[in-house]
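Order of the sequence lines sets the chain letters (A, B, ...), proteins ahead of strands, with each chain counted from 1.
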Amino acid sequence: MKEDISNADFLDIISIVKLQYGYDFTGYAPASIRRRLFRFMSHMRLTSVFELKHRLVNDQDFFARLVQYITVNVTEMFRDPQFYRTLREQVLPKLAAYPNIKIWHAGCSTGEEVFSMAILLHEAGLLSRTKIYATDLNPANLDKAVTGILPLDNMKDFTQNYIQSGGLADFSNYYTARYDNVLIKKELRKQIIFFQHNLVTDKVFNEFQLICCRNVFIYFNRELQNSVLQLFYDSLSPRGYLAMGIKETMRFADIHRKFEVVHAHHKIYRRKE
Amino acid sequence: MNNGFDVIVIGGSAGSLLVLTEILDAIPYHLAPPVVIVLHRLRNVQSEMGRLLSTTRQIIEPEDKEPVREHCMYLAPQNYHLLVEADRTFMLDYSELVNYSRPSIDMTFSSIADVYGAGTLGILLSGANKDGAEGLCQIIAAGGTGIVQDPQTAAFSAMPQSAIDMCAGVQVMSVADIKKFIIGET
């Protein structure tokens, strides 16, 4: 299959998904999502866009597979180790002033960055008085995250990341290995609540001292970035922190004036007043 | 002078660093088309690659949604795929590895082919895998120009050779000729 998905077809598909299933991908950045839709068609051996639309309208399971395919479910523990080092050194000491800490991981995928945060909090002695709310729009990701099970293959890279982030413990203390998988220790997971939340359609549900939303914004167009930033602003306590991916920026959004920059390179911001 | 391109996109992997530097240093500032570079790199190691690549030109690792500007040179950031949107802004993508690579040359080439079509000049240098070949074919299919470093002169020939094998219309050049071609002396 060589032909592309035309813009008109693309808009049709987005509109079917929205009307029929309530998932709104209208504000997603087209370059990436079109490519993923196209790959999904090859993967499912669909020969035409017509067939894709037809199956979408008539088959709920088909839609679930499409969501699994077009949302990005790739993540790492301690992704961008220097970012985690900055969190350790500059943000967590500030959070320590609160009697109870609330953190939101938005777009947490299969949980690797959430577990990384739990390790940081544990090492800072803050985990027991922290609640981490970890959300994603894709239920299959959350089902996986809840288990705390990760492939063993990845742990070598993750250990390197952990050490570079300033971690001093033996990383293998944080999981137990069995066959080809590891299980993240239960003590690290018991303060985490995983649940479904869609940044496009769902609203504020709590007030946080820190929101982590890394490598999610890149999939949104500017309008949607603006509205999600507003959602984060409204969900932060005064002077609360927002951490984005290191190549993401709020510089193109009007709302950036309501935030101050804590760390320009690692994209850590703070709500003003 | 140049050969009338709207964008130049260069991909390289193993063995491409020195020739890439040579090519970049040969591109004078007055040459308008933006230059987008995709280089296979280590993922989570701090790197000064932008500074290593050129002694004469500033090389920018673009942030998400940054506009693609004339006269500028861009390098795909570590651990992200780099795409260009129809409105000529960059989009960073953190999805699965493509050809075992992130950034993937194929992904950048094909998204630039979509946006710039016949105005695209794609150049594929030395490398030990086949990333970039498919993308170069798409550049040519969109009416653009596709050049590979002569595999005989490349430290690793697999990458340019795959493009030659995969699509008709690929031009094979020495590094010296690539430099001349970019600045319009051929």
Practice task
Determine which pairs satisfy salt bridge (charged side-chain N to carboxylate O under 4.0 Å, His left out) with at least one residue from residues 71-81 of chain B, sequence neighbours left out, and list them in order.
Solution key: none
Exercise for the section: Give, as side chain, backbone, both or neither, the part of A:Tyr219 having an atom under 4.5 angstrom from any heavy atom of chain B. Expected result: both
Exercise for the section: Against chain A, label B:Thr89 side chain, backbone, both or neither, depending on which of its atoms sit under 4.5 Å from a heavy atom there. Expected result: side chain
Problem - Heavy-atom contact with chain A under 4.5 Å, split by part of B:Val115 - result: neither
Problem - Heavy-atom pair of closest approach, residues B:Tyr94 and A:Asn215 - result: CD2-CB, 4.0 Å
Problem - Within 6.0 angstrom of A:Arg45 CZ, more than 12 heavy atoms from elsewhere - result: no
Practice task
For atom CZ of B:Arg69, decide whether the heavy atoms of other residues, nucleotides or ligands shown that lie under 6.0 angstrom number more than 12.
Solution key: no
Exercise for the section: Answer yes or no for A:Arg79 and B:Tyr80: cation-pi contact, defined as NZ/CZ to six-membered ring centre under 6.0 Å and angle to ring axis within 45°. Expected result: yes
Handout entry: Atom pair NZ/CG of A:Lys247 and B:Asn79 - distance to nearest 0.5 Å
Key = 12.0 Å
Problem - A:Val74 portion near chain B, given a 4.5 angstrom heavy-atom threshold - result: both
Completion exercise
Rounding to 0.5 Å, atoms CD1 (A:Ile246) and CD (B:Gln78) come to a distance of 7.5 Å
Problem - Pick from A:Arg251, A:Glu248, A:Gln160 with the largest number of heavy-atom pairs that fall under 4.5 Å of chain B - result: A:Arg251
Problem - Side chain / backbone / both / neither for B:Ser95 at chain A, heavy atoms under 4.5 Å - result: both
Fill in the blank from the handout: dist A:Lys267:NZ -> B:Asp64:CG (nearest 0.5 Å) comes out at 10.0 Å
Problem - Max heavy-atom pair count under 4.5 Å with chain A, selected residue of B:Met91, B:Lys65, B:Glu66 - result: B:Lys65
Exercise for the section: Under the ring-ring contact (aromatic ring centres under 6.0 Å, His included) rule, collect the residues that match up with A:Phe171, sequence neighbours excluded. Expected result: A:Tyr162, A:Tyr175
Handout entry: Which atoms of A:Phe83 approach chain B - backbone, side chain, both or neither, heavy atom under 4.5 Å
Key = neither
Practice task
For A:Asn221 and B:Glu85, test the side chains for any donor-to-acceptor distance below 3.5 angstrom and give the result as yes or no.
Solution key: no
Handout entry: Engaged part of B:Leu92 at the chain A interface, taking heavy atoms whose separation is under 4.5 Å
Key = both
Handout entry: Side chain / backbone / both / neither for A:Arg222 at chain B, heavy atoms under 4.5 Å
Key = both
Practice task
Tell me, for A:Gln225 versus chain B, whether the close heavy atoms (under 4.5 Å) come from the side chain, the backbone, both or neither.
Solution key: side chain
Handout entry: More than 12 heavy atoms from other groups under 6.0 Å of CG on A:Asp180
Key = no
Exercise for the section: Answer yes or no: is there a side-chain heavy-atom contact under 4.5 Å between B:Glu63 and A:Phe252? Expected result: no
Practice task
Look at atom CZ of B:Arg57 and say whether more than 12 heavy atoms of other residues, nucleotides or ligands are closer to it than 6.0 Å.
Solution key: yes
Handout entry: Shortest non-hydrogen separation from A:Ala31 to B:Val84 and the atoms involved
Key = CB-O, 4.1 Å
Handout entry: pair B:Glu96-A:Arg39: side-chain heavy atoms closer than 4.5 Å
Key = yes
